[in-house]
Chemist: 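My questions all concern the structure below.
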Amino acid sequence: MLRKEVSIFSFGDLLEYYPLRHIDKTKIDSISSLSASSDFAQVAGKIIDKQIIGEKRSKRLVVQMKDQTGIIELVWFQGITWADKLISIGHQYLVYGRLGFFMGKPQMAHPDIELYSAQNATGKSFLEPIYPSTEKLKSKGLNGKAIGKLTQELFKKLTENELPENLPQSLVEKYKLFGRFQAYRNIHFPINEKAYQQALRRLKFEEFFFAQLGVQLIKLNRQQQFKGLHFEKIGSLFNDFYQHHLPFQLTEAQKRVLKEFRKDLGGGKQMNRLLQGDVGSGKTMVALLSMLMAADNGFQSVLMAPTEILAQQHYLSIKELTKSIPIKVELLTGSSTPKQRKPILAACADGDVQILIGTHAVIEDNVVFKNLGLAVVDEQHKFGVAQRAKLWKKNSIPPHILVMTATPIPRTLALTAYGDLDYSVIDELPPGRKPITTFHRKESARPQVMSFIKEQLALGRQAYIVYPLIEESSKLDYENLMKGYEEVKSFFPEPQYHISMVHGKQTSEQKDINMQRFAGNDTQILVGTTVIEVGVNVPNASVMVIESAEKFGLSQLHQLRGRVGRGADQSYCILLTGPQLSRDAFERMNIMVQTNDGFLIAEKDLEIRGPGDIQGTRQSGALAFKLANIVEDKAMLEISRDEVLKILEADAKLELPEHKPVAQFLASQKSKRGWGKIA
Ligand code: ADP
Ligand code: MG
């Protein structure tokens, strides 16, 4: 039961089943003093009435309780039979719960309730833990309080021996932390509020410390296990390209990042690096230059993109850029025919292909390389450790790996979810870019928005109109897209205007044709779903209209907006929303209107959504903190990381006596806690 409802499997789990809050049993509110401003309340009184009313789903138990000052109503919608049996008219009860008001009268739904005797009113202050429970558990008598009793029993038996200190004594002293045993006891049964806060602080620190230690150890192991491929020289391909064919001057940030790569590539260590750079910051060029370094040293490279469209675009632009230097570049995607595949696969295997560009197809097992030296993964911050490991296996000595993302990741997230990667940032846009102007408009302004697009088209520019596609299969979203398309067509009739449409239900051939027509300026408007989100580069497009913008998250809005502002012209992004917005949605629109800074937006995104929701990181486990919060406890995260780095620098194997507690804890974690199961 416990196992299924709240996943408590062992004593260890019970220890880490932390209370939501504590209540002081001696503090009883009088009913007349309750006001809408009090969130939770504890009252004691006599039951004067109880009735089961309503039918089926609206069936409920309604109980009236009276103290000397007034009457409160208690309601159960679930576990009715159980509550009905427990409660007798005429008896005194103590109840605790979230307070609500109905027609001016105080009310509690599903409060905790127990018989009230002189005993539980014995003046001594006692902070009782309140644990989360479920209605089903409650109906079996296992409410939060019962879980508390189990925990209390546990603590009667538990000694410091079973919960030994796992942090170095020096850190416990330096940061004035509670000992581990003391912390666990006080987070459940604090002697006072201050002790609770201290316990919380200690356990959060411990969470961060061991998470950081985990990622840093992964990194260390990898560095010891793999010696990196050595790109000894900067050769003629790189030099020729850099000196004669570079279409622009690199930004300072691009140069700095290249130097950082160079250190890894030429330094005999395997590169595992995350490159962050806002949309349009020029990551592709940095990737290309690194691939040229690989080729100069006789190694092959792959560049992997998340979509066919993007892979194709990379292929075309890299082909164009490298047309006057002797390098063989090929494209391989899911839609390459067997006939196209065969010679490419053969050329990969005998080392002929120097740069292979493609989708996930390039890491399939049938793609064999002669000597893969560098793998670049574009626009996929979801590319996790497991997938990276697949790439490592593509060569007897694992290739260098560069993961590029335009969805900036706040530092705290980068440290936790990607802590095992090194980290480079392009924090500068190429010169001459005009910041995109962003507007937020309601549905009712649609005609004006369409006229605005007309003006832009008259100047020779192009426009995107994007519809949300929340789920690939959602029928409603497609209907909206089609309706939208028809509507756009009526505003922009042929033959004066031409429109392309792309969406996920098209074959990739259809998608390509439509994209290419837009990219070649044969069509002025591209109507589509978020398949155009990532990477697409059409510098002549100056307007991005996002329909139902309230349905998108901040980072997705920022990505979409990044499709414009790529040329020399002033570009615009228009966020169209319905008339009514939730507070969060309204805040998102405001942030978009106020800033173009992707890093700021990512920080805000994290603040609004909370760390648990950040796409693709949930599964990573690196963020599975029970107490700590990477937004609120940012400073502590940084501190614990610094301490971990210091420790590993001095004693990577954790062999010094002062690190013994840490080493022992890690070992005990591996062998899983030896405690019995209770569930
Ligand atoms: P992203 O970082 O979003 O992948 P891209 O690599 O697609 O950005 O670059 C965006 C545009 O900026 C491309 O058209 C590219 O040619 C151009 N670009 C890149 N670096 C520079 C630079 N240093 N100076 C001028 N233009 C640049
Ligand atoms: Mg890109």
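Both counts, for ligands and for their atoms, begin at 1 and track the order of listing. Small disclaimer: the values here were computed from a predicted structure and weren't measured. Note that the numbering runs from 1 along the sequence shown for the chain.
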Chemist: Any donor and acceptor pair, going by atom type alone, linking the side chain of N297 with main-chain N or O of F299 inside 3.5 Å?
Modeler: no

Chemist: Below the 3.5 angstrom mark, is there an N/O of P430, backbone or side chain, next to an N/O of ligand 1?
Modeler: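 In fact, backbone or side chain, P430 has no N or O that close.
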
Chemist: Under the rule for salt bridge (charged side-chain N to carboxylate O under 4.0 Å, His left out), what residues qualify as partners of D422, not counting sequence neighbours?
Modeler: K219, K269

Chemist: Just which atoms of ligand 1 are under 4.0 Å from any heavy atom in S281?
Modeler: 2 (O), 8 (O)

Chemist: Distance under 4.0 Å to a non-hydrogen atom of T251: what atoms of ligand 1 satisfy this?
Modeler: 23 (N)

Chemist: Aromatic ring centroids of F491 and Y497 under 6.0 Å?
Modeler: no

Chemist: With a 4.0 Å cut-off, would you call D378 and K283 a salt bridge?
Modeler: no

Chemist: For the 3.5 Å polar cut-off, considering only N or O atoms, please tell me whether G282 and ligand 1 meet it.
Modeler: yes

Chemist: Report, in ascending order of atom number, the atoms of ligand 1 lying under 4.0 Å from any heavy atom of R433.
Modeler: 10 (C), 11 (C), 12 (O), 17 (C)

Chemist: Against heavy atoms of L250, which atoms of ligand 1 measure under 4.0 Å?
Modeler: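 Within the 4.0 Å cut-off of L250, ligand 1 contributes 23 (N).
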
Chemist: Go through ligand 1 atom by atom and flag the ones less than 4.0 Å from a non-hydrogen atom of Q249.
Modeler: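 What qualifies from ligand 1 is 22 (C), 23 (N), 24 (N).
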
Chemist: Minimum heavy-atom separation for T333 and T359, please, with both atom names.
Modeler: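 Nearest heavy atoms, T333 then T359: CA-OG1, 3.5 Å.
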
Chemist: If the cut-off is 4.0 Å to any non-hydrogen atom of T284, which atoms of ligand 1 fall inside it?
Modeler: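 Here the atoms of ligand 1 in question are 4 (O), 5 (P), 6 (O), 7 (O).
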
Chemist: Under 3.5 Å, which donor-acceptor pairs link side chains of residues 364-372 to any protein atom two or more places apart or in another chain?
Modeler:
residue	atom	partner	partner atom	Å
N371	ND2	G298	O	2.5

Chemist: Mark up the atoms of ligand 1 that fall under 4.0 Å of a heavy atom belonging to Q254, in ascending order.
Modeler: 19 (C), 20 (N), 22 (C), 23 (N)

Chemist: Only heavy atoms of R566, strictly under 4.0 Å: list the atoms of ligand 1 that pass.
Modeler: 3 (O), 7 (O), 10 (C)

Chemist: Quick check on side chain to side chain donor-acceptor pair (under 3.5 Å): which of K434, Q462, Q456 does S542 satisfy it with?
Modeler: Q456

